[in-house]
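Quick notes on the structure that follows.
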Amino acid sequence: MADLSAFPITSRWPAKDPSVIQLYSYPTPNGVKVSIALEEMGLAYEPHLVTLKDEDVKSDAFLSLNPNNKIPAIIDPNGPDGPVGLFESGAILLYLAEKSGKFLGSTAAEKAKITQWLMFQMGGLGPMLGQMGFFYKFAGKDIEDPRPRERYRDEAIRLLAVVDKALEGQDWIAGEFSIADMAIAPWINALEFYGTKDAVGYHDLKNVPAYVERFFARPAVAKAKRIPDPS
């Protein structure tokens with residue numbers, strides 16, 4: 001049985017089965033990326049629901065694993081050199097793909113292309129759609145100056161056009177289904193939650209709506225969309 005006592009987070013969210021990957025997350029676009037990957041890869045894991053409230057993500061226990069106080073984070077008791085803790089969803093996706101040998105391409109060129117689109121989501125699509133959501137749905141909607149809202153809306157439109165063009169003639173962003181899709185599709189799906197589909201002309205896109213529908217029709221994705229609390 002693996003010993004996870006070196007990870008203080010387990011005092012707050014105890015592991016029932018310390019021999020499997022421990023996932024600390026919440027069903028946001030970034031959070032579901034990792035549960036989707038774990039389900040798609042067939043890796044055994046134990047989910048722990050960590051809310052976005054300060055009492056959870058800013059607790060000493062959670063900060064001991066992720067000093068950036070953001071979900072998701074994992075502990076792999078069977079890391080390459082012993083138990084390993086990781087945060088940042090993109091880094092976790094890369095780690096799990098390499099661990100499982102799945103969804104990261106079969107050649108160096110394919111891996112580079114998939115990583116390219118993963119970074120596109122991490123550095124562009126996710127942050128811009130998240131900011132747009134803030135200015136349309138959350139506290140930013142009360143700001144009278146329209147320029148921030150217009151700025152992120154216009155950038156969201158541009159990025160969605162990039163995705164739409166890349167999907168021309170293929171089902172998945174890098175050719176074969178990969179961790180890049182696990183990163184991108186949940187963020188595009190967040191447009192529904194933010195109430196911004198009309199604002200970005202979602203239904204006028206040629207390839208993106210079918211892409212998102214195709215993604216969420218996958219059995220592993222459907223299973224991973226909600227992270228249960230095992231307590």
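In terms of heavy atoms, Ala224 sits closest to Val32 at O-CG1, 4.3 Å. Minimum heavy-atom separation, Pro72 to Ser25: CB-OG, 3.5 Å. Taking all atoms of both residues into account, the shortest heavy-atom contact from Ala190 to Pro29 is CB-CG, 3.8 Å. Of all heavy-atom pairs between Leu38 and Ile21, the closest is CD2-CD1, 3.9 Å. Annotation for Ile114 and Leu104: closest pair CD1-C, 3.4 Å, computed over non-hydrogen atoms. Smallest separation of non-hydrogen atoms from Gly140 and Arg149: O-NH1, 3.7 Å.
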Donor-acceptor contacts, no H, no angles, side chain residues 195-203, under 3.5 Å, sequence neighbours left out:
unit_1 : atom_1 : unit_2 : atom_2 : d
Lys197 : NZ     : Glu192 : OE1    : 3.0

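For the residue pair Asn30 and Thr28, no side-chain donor N or O sits within less than 3.5 Å of a side-chain acceptor on the partner.
Hydrophobic clustering places Val208 together with Phe216 (ILVMFWY residues linked when any side-chain heavy atoms are closer than 4.5 Å, directly or through intermediates).
Between the CG atom of Asn207 and the CG atom of Leu160 there is a distance of 12.0 Å, given to the nearest 0.5 Å. Separating the CE atom in Met132 from the CD1 atom in Ile157 is a distance of 8.5 Å, to the nearest 0.5 Å. In this structure, OG in Ser59 is found 10.0 Å from CG in Asp54, a value given to the nearest 0.5 Å. For the atom pair CD1 of Ile173 and OG of Ser178, the computed distance is 8.5 Å after rounding to the nearest 0.5 Å.
With hydrogens and angles disregarded, no donor-acceptor distance shorter than 3.5 Å links the side chain of Asp181 to the backbone of Phe215. Asn66 places no side-chain N or O within donor-acceptor distance of the main-chain N or O of Ala73, the cut-off being under 3.5 Å. For the pair Glu88 (side chain) and Gly90 (backbone), a donor-acceptor distance under 3.5 Å is absent. The backbone N or O of Ala2 lies less than 3.5 Å from no partner atom in the side chain of Ser19, so there is not a single donor-acceptor pair. Under a 3.5 Å cut-off, the side chain of Gln22 and the backbone N or O of Val20 do form a donor-acceptor pair.
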Going through the distances and angles, do Arg158 and Glu155 end up as a salt bridge (charged side-chain N to carboxylate O under 4.0 Å, His left out)? CA-CA 5 Å; Arg158 186 188 72 81; Glu155 186 63 2; 2.8 Å; yes
From CA spacing to verdict: salt bridge (charged side-chain N to carboxylate O under 4.0 Å, His left out), Asp56, Arg12: CA-CA 9 Å; Asp56 274 358; Arg12 171 113 182 230; 2.6 Å; yes
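Side-chain atoms of Asn78 and Pro83, non-hydrogen and from C-beta on, never get closer than 4.5 Å to each other. Residues Glu98 and Lys111 have side chains in contact (heavy-atom distance under 4.5 Å, counting atoms from C-beta outward).
Environment of CG in Asp142: crowded, with over 12 heavy atoms of neighbouring residues, nucleotides or ligands closer than 6.0 Å. The 12-atom threshold is not exceeded at NZ of Lys206, counting heavy atoms of other residues, nucleotides or ligands nearer than 6.0 Å.
Among residue pairs with one or both ends in residues 100-109, those qualifying as side-chain hydrogen bond (donor to acceptor under 3.5 Å, both in side chains) are Ser106-Glu110; sequence neighbours excluded. Sequence neighbours left out, the pairs with a member in residues 51-107 that pass ring-ring contact (aromatic ring centres under 6.0 Å, His included) are Phe103-Phe177. Within the structure, the ring-ring contact (aromatic ring centres under 6.0 Å, His included) test picks out the following pairs touching residues 128-155 (sequence neighbours left out): Phe135-Tyr152. The side-chain hydrogen bond (donor to acceptor under 3.5 Å, both in side chains) contacts involving residues 114-124 comprise Lys33-Gln121, where partners must be two or more places apart or lie in separate chains. Among residue pairs with one or both ends in residues 67-78, those qualifying as salt bridge (Lys or Arg N to Asp or Glu O under 4.0 Å) are Asp76-Lys99; sequence neighbours excluded.
Exactly one residue among Ile184, Leu94, Ile92, Ile36 makes a side-chain contact (heavy atoms from CB on, under 4.5 Å) with Ile179. That residue is Leu94.
Between Tyr24 and Trp13, the two ring planes are perpendicular [angle over 60°; tilted spans 30° to 60°].
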